[in-house]
Amino acid sequence: MRRRRWRTTGGTLVRVLLVWAVSTLTMLALAGILPDFRLQSDDGDSITRIGLTAAWGAGAFGLLSALVWPLVVRALLLVPALVLGLLVFFLNGSLLLIALRLIPDGRGEAAPETAVVVAAVMSAVASATSTALAVRDDEAYRRRLYRLADRRRRRQASGDAPGNRPPAPGLVVVQLDGVGHEVLREACDSGLMPTVAGWLEHGHRVMPWRTDWSSQTGASQLGILHGSTFDVPAFRWYEKETGEVVVCNRPTSAAELQRRAVARTGDAGLLTLDGASRGNLFSGGADQLALVLSVSARRGRANRSRAGYFAYFSDPANAVRTALSFVSDAVREIVQSLRARIRDDRPRVSRGGLYPLIRAFATVIERDVVVAAVIGDVLAGRAVVYADLVAYDEVAHHSGPRGRDTDQVLERLDRSLALIARVAEHAPRPYRIVLLSDHGQSPGETFLGRYGLTLKDLVRAGCGLPVSRKAGRTHSGAEARAAVLAALHRPVEEDEEAHPGPGSDPVVLASGNLALISFPDIPGRASRARIDRTHPALLATLANHPGVGFLLVDGVVLGPDGAQARLDAPGEAERMLAAFGPGAVEAVRRTDAFPHVADIMVNSAYDPDTGEVHAFEEQIGSHGGLGGEQGRPFLMWPAALSDPGAELVGAEAVHGVLRRWLREADGPQVPVAPAAGRTSAAAVPGVGEAPAGETSAGEGGERPSREAPQISPPNGHLGGILPSEGSPARDETR
């Protein structure tokens, strides 16, 4: 035992010395290249003296980065996340200037702008060297994880009564946003996702499930995490009683939708007991939050959703590496967009402006921070973790669900999953990894691209209102844009139709290939007779347009050539909507009963042969309505869990399955009762105030697990995916 301890200590010391040596050489090279950076006196020094100066400076910079940097990031935790990411470079440069000041005899000197460059390069080189040494030495990597887990185990077990049973298996649920069942299968068969393919070969099972009519993240994730999709008719809709538009990816709207779901179910959510919510629209009742939109609008210490940024940016090397990957992905998007324009690919949407930066945020920054947070949750032994990775969904909206662009994203997502699985093998409790998606994506040219006008223009023409000669565009409302704005502490941007002013003009809102038309001057839900009386040509104009599949008006489905079917007449609507797939009528009938269903619901045309739809937004891969793969996401689970049973219909059914799996692992999940004198929403972590006495990750405390975690001995068998076992995965978060 003592020999092993000395060997471990010696190995650690060797790695520290090697990193120090590489940092010293890097500093010497930069001093020779950069004119405003020197490591010698004005009279010149010997090579030995310059080398000692570089070693001193590199050592001082390394110590300051290790000791001072976490304190600086903690102090700046309330700074918007993207601003913090930019400040990293300047703060890192400041630490380098301080380190140079510590060199004896004042031999170190650099211009401020040069110090930023030197600090960034040195952090990146030190991180790459440290990672390379750890990856080459699997035993060192394993021992480090064991120490982390064992330290947590001893700290948690010290306050537990003796004789506790071993910890129950935890559940890690990773949502691959927008990845449909068929896309997942094709990616596994083609070798794009070797980690997921390996799981399917060695015990995992996968099945498709069916979304509601509103096949989008807001409805699906609310149902999965909070057990209710009631009264969520689309991604955005107009509520007449308040005169406001609810948008699922707007922080205030997400908080309100979560409050309504909690009030309806009387349950805080899937993650109430020792859970963590990472990168989601909703908290799921979790106490540990990072990048959760429903709480991102808050300021101050109560906003625990920002803890993930602290945990990630505490290491300056993370920020440097992520920044380099961010720039690389933004450039990659520009090149891919230019290539598509040169080849004249069709369909195609605009990918200019800020989109390359928004895409890079989703595919790099958000992915890295979420994965790092999940790794922290696993090493902390939390009972259940739910994380959303939005990269594929964002890219598919603008590049299409299939192609080289999305293939690259799927490959990187697979590497992230491999990393989570590798770390889970060293956790203080066993973990079962569940993969799922919230919806799929259906391809197709936009409504505007195919027909030369927006649906809003068509509605105004049908109402006899003036139409602009210049065709407008309904911009994509993908989740990544909202995440960027939330990280900047800015409200979600929306077009004018999302903030309707006073008047009788119809409000037209797009949600993928589903659109909602409301008449603000008509109280309640407008009847068909009232619409025909006010706008006699509107319904016929819409129903007979080739880009429209069907309308829902006051319990009646309308189609081309005067076709109509009442939802309460058995068989009529089934025949009319047969092309839209099984369950279409049930989904439409359920939405028809929602209090906030629009006066007119419009679903685009759908071609069953090609699977194409026409989005009313600027998306060539879309979701939100009926038609094609958008309504067939997947659920993938290890064989150790019980079979979900027959086909799952709706996100609420998926919620029920996840609940059952939690009960199988650790007994029933008891709903949280409201505290006396408070509403049920106020008693829910992430909806109202934080529970008294609880602290957040990154704020100086951790919520202990229900069980005292235990860990296998270092010489035990380590199955799964490890670098030594031939996995192509790279550790992308260290």
Next on the checklist: Going by the rule ring pair (Phe, Tyr, Trp, His ring centres under 6.0 Å), which residues pair with His181 if we only count those two or more places apart in sequence or in a different chain?
Outcome noted: none
Checklist entry - Can you tell if the side chain of Asp599 reaches within under 4.5 Å of the side chain of Arg530, non-hydrogen atoms only? => result no
Checklist entry - Just by distance, do the side chain of Asn280 and the backbone of Val292 share a donor-acceptor pair under 3.5 Å? => result no
Item to check | Step-by-step side-chain hydrogen bond (donor to acceptor under 3.5 Å, both in side chains) determination, Arg528 to Gln564 | outcome: CA-CA 12 Å; Arg528 181 182 177 184; Gln564 61 179 342; 2.4 Å; yes
Next on the checklist: Tell me the closest heavy-atom pair linking Leu538 and Cys463, and the distance in Å.
Outcome noted: CD2-SG, 3.8 Å
Checklist outcome for this item: Residue set satisfying side-chain contact (heavy atoms from CB on, under 4.5 Å) with Phe580, at least two apart, ordered chain then number -> Phe550, Leu577, Ala584, Asn603, Tyr606, Leu626
Next on the checklist: Could you tell me if Gln258 and Ser283 have a donor-acceptor pair between their side chains, going purely by distance under 3.5 Å?
Outcome noted: yes
Item to check | Interatomic distance, Leu551 atom CG to Ile517 atom CD1 [nearest 0.5 angstrom] | outcome: 7.5 Å
Checklist entry - Can Glu618 and Arg348 be counted as an ion pair, charged N to O under 4.0 angstrom? => result no
Checklist entry - Is the side chain of Lys240 donor-acceptor paired with the backbone N or O of Gly524 at a distance under 3.5 Å, no angle test? => result yes
Checklist outcome for this item: side-chain contact (heavy atoms from CB on, under 4.5 Å) filter on Ala587, not counting sequence neighbours, yields Trp213
Checklist entry - Quick one: does Val434's side chain get under 4.5 Å of Val174's, heavy atoms only? => result no
Checklist entry - Is there a donor-acceptor pair under 3.5 Å between the side chain of Ser622 and the backbone N or O of Gln619? => result no
Item to check | Basic-acidic side-chain contact under 4.0 Å: Glu256, Arg259 | outcome: yes
Next on the checklist: Give me the atom names and distance for the closest heavy-atom approach of Ser253 to Val245.
Outcome noted: OG-O, 4.3 Å
Checklist entry - After noting the C-alpha distance and the side-chain angles of Val654 and Leu436, does the key distance pass the side-chain contact (heavy atoms from CB on, under 4.5 Å) rule? => result CA-CA 10 Å; Val654 178; Leu436 56 77; 4.3 Å; yes
Item to check | Minimal non-hydrogen separation, Leu270 against Ile224, with atom names | outcome: CD2-O, 4.0 Å
Item to check | Test item: Phe519 and Pro506 side chains (from C-beta on) under 4.5 Å apart, heavy atoms | outcome: yes
Checklist entry - Got Tyr392 and Asp177 here, is their nearest side-chain heavy-atom distance under 4.5 Å? => result no
Checklist entry - Does anything in residues 569-584 pair up under side-chain hydrogen bond (donor to acceptor under 3.5 Å, both in side chains), and if so which pairs, sequence neighbours excluded? => result none
Checklist entry - Measuring from Ser416:OG to Leu389:CG, what's the distance to the nearest 0.5 Å? => result 6.5 Å
Item to check | side-chain contact (heavy atoms from CB on, under 4.5 Å) between Phe616 and Val602, intermediate numbers included | outcome: CA-CA 10 Å; Phe616 300 116; Val602 184; 4.1 Å; yes
Item to check | Rounded distance [0.5 Å steps], CG in Asn249 versus CD in Gln216 | outcome: 9.0 Å
Checklist entry - Would you say the side chain of Asp505 lies within less than 4.5 Å of the side chain of Asp521, judging by non-hydrogen atoms? => result no
Checklist entry - Please, which pairs that meet side-chain hydrogen bond (donor to acceptor under 3.5 Å, both in side chains) have at least one residue in residues 534-562, sequence neighbours excluded? => result none
Checklist outcome for this item: The reported gap from CZ in Arg663 to CG in Leu658 (rounded to nearest 0.5 angstrom) is 11.0 Å
Item to check | Side chain His623, main chain Ser215, donor-acceptor under 3.5 Å | outcome: yes
Next on the checklist: Aromatic contact between His655 and His226, with the criterion being ring centroids under 6.0 Å apart: yes or no?
Outcome noted: no
Checklist entry - Do you know the tightest heavy-atom contact between Leu293 and Cys248? => result CD2-O, 4.3 Å
Item to check | Contacts of type side-chain contact (heavy atoms from CB on, under 4.5 Å), residue Ser642, not counting sequence neighbours | outcome: Arg660, Trp661, Glu664
Checklist entry - If you measure only the distance, is there a donor-acceptor pair under 3.5 Å linking the side chains of Trp237 and Glu239? => result yes
Checklist entry - Which residues pass the salt bridge (Lys or Arg N to Asp or Glu O under 4.0 Å) test with Arg533, sequence neighbours left out? => result none
Item to check | Main-chain N/O of Gly624 paired with Gln630 side-chain donor or acceptor, under 3.5 Å | outcome: yes
Next on the checklist: Tell me if a side-chain donor or acceptor on Ser437 pairs with a main-chain N or O of Val179 at a distance below 3.5 Å.
Outcome noted: yes
Checklist entry - Side chains of Leu271 and Leu225: closer than 4.5 Å at any heavy-atom pair? => result yes
Checklist entry - Do Trp637 and Pro644 come within less than 4.5 Å of each other through their side chains, counting heavy atoms only? => result yes
Next on the checklist: Going by salt bridge (charged side-chain N to carboxylate O under 4.0 Å, His left out), name the pairs with one or both residues in residues 640-655, residues two or more places apart or in two chains.
Outcome noted: Arg210-Glu647, Arg590-Glu652
Checklist entry - Counting N and O atoms only, with roles assigned by atom type, does the side chain of Arg432 sit under 3.5 Å from a partner on the main chain of Leu641, one being a donor and the other an acceptor? => result no
Checklist entry - According to the salt bridge (charged side-chain N to carboxylate O under 4.0 Å, His left out) rule, which pairs have a member within residues 627-641, sequence neighbours left out? => result Arg402-Glu629
Item to check | Side-chain H-bond candidate by donor/acceptor type, Arg278 with Gln175, under 3.5 Å | outcome: no
Checklist entry - Do His439 and Gln221 have a side chain donor and acceptor closer than 3.5 Å? => result no
Item to check | Minimal non-hydrogen separation, Ala268 against Val262, with atom names | outcome: O-CG2, 4.0 Å
Checklist outcome for this item: Residue set satisfying salt bridge (Lys or Arg N to Asp or Glu O under 4.0 Å) with Asp592, at least two apart, ordered chain then number -> Arg525
Next on the checklist: Quick one, Trp209 with Phe634, criterion side-chain contact (heavy atoms from CB on, under 4.5 Å). Give me CA distance, side-chain angles, the key distance, then yes/no.
Outcome noted: CA-CA 6 Å; Trp209 63 277; Phe634 73 90; 5.6 Å; no
Next on the checklist: Ignoring hydrogens, what is the shortest heavy-atom contact between Ser442 and Pro401? Give both atom names and the distance.
Outcome noted: C-CG, 4.2 Å
Next on the checklist: If you define the side chain from C-beta out and look only at heavy atoms, does anything of Leu273 sit under 4.5 Å from Val384?
Outcome noted: no
Next on the checklist: Tell me if a side-chain donor or acceptor on Asn513 pairs with a main-chain N or O of Gly625 at a distance below 3.5 Å.
Outcome noted: yes
Next on the checklist: Test of understanding: with ring pair (Phe, Tyr, Trp, His ring centres under 6.0 Å), list the residues that count as partners of His614, not counting sequence neighbours.
Outcome noted: Tyr451
Item to check | Set of residues satisfying side-chain contact (heavy atoms from CB on, under 4.5 Å) with respect to Ala234, sequence neighbours excluded | outcome: Ser511, Leu514, Leu516
Item to check | Residue pair Asp438 / Thr217, side-chain donor-acceptor N/O under 3.5 Å | outcome: yes
Checklist entry - Between atom CD of Glu182 and atom CD of Gln441, what is the distance when rounded to the nearest 0.5 Å? => result 14.5 Å
Item to check | Rounded distance (nearest 0.5 Å) linking atom OG1 of Thr195 with atom CG of Asp414 | outcome: 3.5 Å
